[in-house]
Student: 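Handing you this structure, nothing more for now.
Residue numbers run from 1 in the order of the sequence given.
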Amino acid sequence: MQYFKQLLEIFIVSTRLGFTSFGGPVAHLGYFHQEYVRKRKWMDEKSYADLVALSQFLPGPASSQVGIGIGVMRGGVLGGIVSFIGFTMPSVIALILFAYFAQQLGLLEFGIIQGLKIVAVVIVAHAILGMAKSLTPDLTRKSIALFALLITLLIPHNLSQIGVILVAGLLGYFMFSKKEEHDGLSLQVPLSKKIGLVCLSLFFGLLTILPILNNLISSTWLSMVDSFYRAGALVFGGGHVVLPLLEREFVPTGLISEEAFLSGYAAAQAVPGPLFTFAAFIGADMNGWLGGMVATFSIFLPAILLIFGVLPFWHSLRKNQHIKGAFIAINAAVVGILISAFYKPIWTSAMITPLDFSLAAILFFMLVYWKLPPWLIVLAGALGGVSIEMT
């Protein structure tokens, strides 16, 4: 009974955060710190810092992985799952409803779609500036980002992105492996290494098997699961980086229109919770509410398996300077990949007239300098798009 009450408490707290956590991954980490560390004292400061470090170390949605990890610390495997459901479901439901009403009522018409595409320009530009400042502070990492940009822009293929990540990781393995002293880690994990190995085996097994099955079996659902799972497994650097992976999976094949894709991405900025729930919009646009749920499960499954799999081994991994160096270079390459996606399809499809650029400049000023909330930027962009259409 006590364990059930513990799980219920985790669910209630994480759901409340899922309804109120606007502002992206960095803001989410601030909300988590306030709620879980300072207010409820479920973790101490050092343990929370270690968990945040682990989330940055792994591919996938960093804030979601931190939330899952806190649930694990509080209530084991079930605690992690309950925490994930609570934090994620509010934005999933909102985006599935948006996809439904956008189709039924034609919400993407009358200039709204153009306004939302301009919002996407502003949001991604802001993300690029912030990521570039922190992830490419020196000339070497700036050069890695330039390499990633050129390859992914000139060779627009899913394999080019994977290749860039692998090459960057190999370079970083040798280039950024300086020896450093380590403080003792205080992160105590209530998961066995056996559970960790099972989860890691599932992670790599699905990453290998799903593409093979997709080639052998003609199924829209299997293809969708494969695409979303790979996107969730290969994204380094935060939710914005999932944009190019998903765009190249679904737009060229005609499974979703470019207009709907970018509008859904912009709408995802207006809801609280993790940006990875953008997958719910794509899935719902393709296959209704069930498609939205399957897409959400598929894109988050790698993150869940990784956090469960790596937590028991985090002490050892944190001390390996070669592995840390590999991820330093991968994070730099992510900046280049994101700039490539920013140019095409985001910039090329949205910046058509001087009025489009003017609206983007106003929205960027509102976001960066007036520091208005993202949902207000989305609303202003939609209204601006309608105004441009009427001129």
Student: So how far is it from I70 CD1 to H33 NE2, rounded to the nearest 0.5 Å?
Tutor: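 So the CD1 of I70 and the NE2 of H33 are separated by 10.0 Å.
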Student: Mind checking the CD1-CE spacing from I118 to M351? Nearest 0.5 Å is all I need.
Tutor: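 Nearest 0.5 Å value for the CD1-CE distance: 4.5 Å.
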Student: With distance as the sole test, does T277 use its side chain to make a donor-acceptor pair with the main-chain N or O of P274 at under 3.5 Å?
Tutor: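 Yes, T277 side chain to P274 backbone: donor-acceptor pair under 3.5 Å.
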Student: Taking the side chain from S83 and the backbone from G67, do they hold a donor-acceptor pair closer than 3.5 Å?
Tutor: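 Side chain of S83 to backbone of G67: a pair is present.
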Student: Do V225 and V294 have side chains that get closer than 4.5 Å, going by heavy atoms?
Tutor: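 Result yes, sub-4.5 Å side-chain heavy-atom pair found.
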Student: Within the structure provided, determine whether L146 and S143 are in side-chain contact (heavy-atom separation under 4.5 Å).
Tutor: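 Contact flag for L146/S143 side chains = no.
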Student: Using a 3.5 Å distance criterion without hydrogens, assess whether the side chain of D356 forms a donor-acceptor pair with backbone atoms of T353.
Tutor: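 Looks like yes, one N/O pair under 3.5 Å.
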Student: When you measure from the side chain of Q65 to the backbone N and O of P59, does any donor-acceptor pair fall under 3.5 Å?
Tutor: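 Yes, Q65 side chain to P59 backbone: donor-acceptor pair under 3.5 Å.
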Student: Okay, side chain of S387, backbone of L383: is any donor-acceptor separation there less than 3.5 Å?
Tutor: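 Yes: the side chain of S387 pairs with the backbone of L383.
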Student: Side chains of L222 and D226: does their closest heavy-atom pair fall under 4.5 Å?
Tutor: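 No. Closest side-chain heavy atoms not under 4.5 Å.
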Student: Donor-acceptor pair, distance only, cut-off 3.5 Å: does the side chain of Q114 make one with the backbone of A350?
Tutor: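 Yes; judged by distance alone, with no hydrogens or angles, the pair exists.
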Student: Can you name the ring pair (Phe, Tyr, Trp, His ring centres under 6.0 Å) partners of F84, sequence neighbours left out?
Tutor: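 Partners of F84 under the ring pair (Phe, Tyr, Trp, His ring centres under 6.0 Å) test: F300.
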Student: Between L367 and L372, is any pair of side-chain heavy atoms under 4.5 Å apart?
Tutor: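 Result no, sub-4.5 Å side-chain heavy-atom pair not found.
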Student: Side chains of R230 and E249, heavy atoms from C-beta outward: is any pair under 4.5 Å?
Tutor: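 Side chain of R230 against side chain of E249, heavy atoms only: contact under 4.5 Å found.
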Student: Quick one: are Y36 and L51 in side-chain contact, heavy atoms under 4.5 Å?
Tutor: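 Counting from C-beta outward, Y36 and L51 never come under 4.5 Å.
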Student: So does M293 have more than 12 non-hydrogen atoms from other groups sitting under 6.0 Å from CE?
Tutor: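 Counting neighbours around CE of M293, 12 or fewer heavy atoms of other residues, nucleotides or ligands fall under 6.0 Å, so no.
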Student: Can K142 and D138 be counted as an ion pair, charged N to O under 4.0 angstrom?
Tutor: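 No, no charged N to carboxylate O under 4.0 Å.
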Student: Is the ring centre of W289 less than 6.0 Å from the ring centre of Y100?
Tutor: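 No, the ring of W289 stays outside the 6.0 Å limit from the ring of Y100, centre to centre.
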Student: Indicate yes or no for a side-chain donor-acceptor contact from S91 to the backbone of T88 under 3.5 Å, with no hydrogens or angles considered.
Tutor: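 Yes; at least one donor-acceptor contact below 3.5 Å.
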Student: Under a single-linkage rule joining Ile, Leu, Val, Met, Phe, Trp and Tyr whose side-chain heavy atoms are separated by less than 4.5 Å, which residues share a cluster with Y173?
Tutor: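 Y173 clusters with L170, F174.
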Student: Treat each ILVMFWY residue as a node, draw an edge where side-chain heavy atoms are under 4.5 Å apart, and state whether Y343 and I151 are in one component.
Tutor: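 Yes, one cluster joins them.
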Student: Quick one, N214 and S223 - any side-chain contact, counting heavy atoms below 4.5 Å?
Tutor: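 A side-chain contact under 4.5 Å exists here.
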Student: With side chains defined as the heavy atoms from C-beta onward, is the minimum distance between I81 and I85 less than 4.5 Å?
Tutor: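 SC-SC contact between I81 and I85 confirmed.
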Student: Does the ring of F87 carry R16 above it, NZ/CZ under 6.0 angstrom from centre and within 45° of its axis?
Tutor: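 Judged by the rule (NZ or CZ under 6.0 Å from the ring centre, within 45° of its axis), R16 is not positioned above F87.
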Student: With hydrophobic residues grouped by side-chain heavy-atom distances under 4.5 Å, do I93 and I12 end up in a single group?
Tutor: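 No, I93 does not connect to I12 through the hydrophobic network.
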Student: Rounded to the nearest 0.5 Å, what separates atom CD1 in I165 from atom OG1 in T152?
Tutor: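 Between atom CD1 of I165 and atom OG1 of T152 there are 10.0 Å.
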Student: Say whether, by atom type as modelled, one donor and one acceptor occur between the side chain of S14 and the main chain of F11 under 3.5 angstrom.
Tutor: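 Judged by distance alone, yes, a pair lies under 3.5 Å.
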Student: Under the side chain to side chain contact (heavy atoms under 4.5 Å, CB included) rule, what do I388 and L359 come out as? Steps first, then yes or no, please.
Tutor: CA-CA 9 Å; I388 290 174; L359 177 59; 3.9 Å; yes
Student: Measure across L275 and A268 and return the closest heavy-atom pair with its distance rounded to 0.1 Å.
Tutor: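 Nearest pair, atom of L275 first, then A268: CD1-CB, 3.7 Å.
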Student: Return the minimal non-hydrogen interatomic distance between A279 and I299, and the atom names on each side.
Tutor: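 It is CB-CG2, 3.8 Å.
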Student: Assign the ring pair F98 / F281 to parallel, tilted or perpendicular, where the plane angle (0 to 90°) is split at 30° and 60°.
Tutor: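 It falls in the tilted class, 30° to 60°.
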Student: Only one of F297, F250, F276, F278 clears ring-ring contact (aromatic ring centres under 6.0 Å, His included) with F228; which?
Tutor: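 Considering F297, F250, F276, F278, a ring-ring contact (aromatic ring centres under 6.0 Å, His included) with F228 is found only for F250.
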Student: Does Y3 OH have over 12 foreign heavy atoms under 6.0 Å away?
Tutor: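 Yes, because the 6.0 Å sphere around OH of Y3 holds more than 12 heavy atoms from other groups.
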Student: Mind telling me whether F203 and Y229 have parallel, tilted or perpendicular rings, with 30° and 60° as the class edges?
Tutor: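 Y229 and F203: tilted rings.
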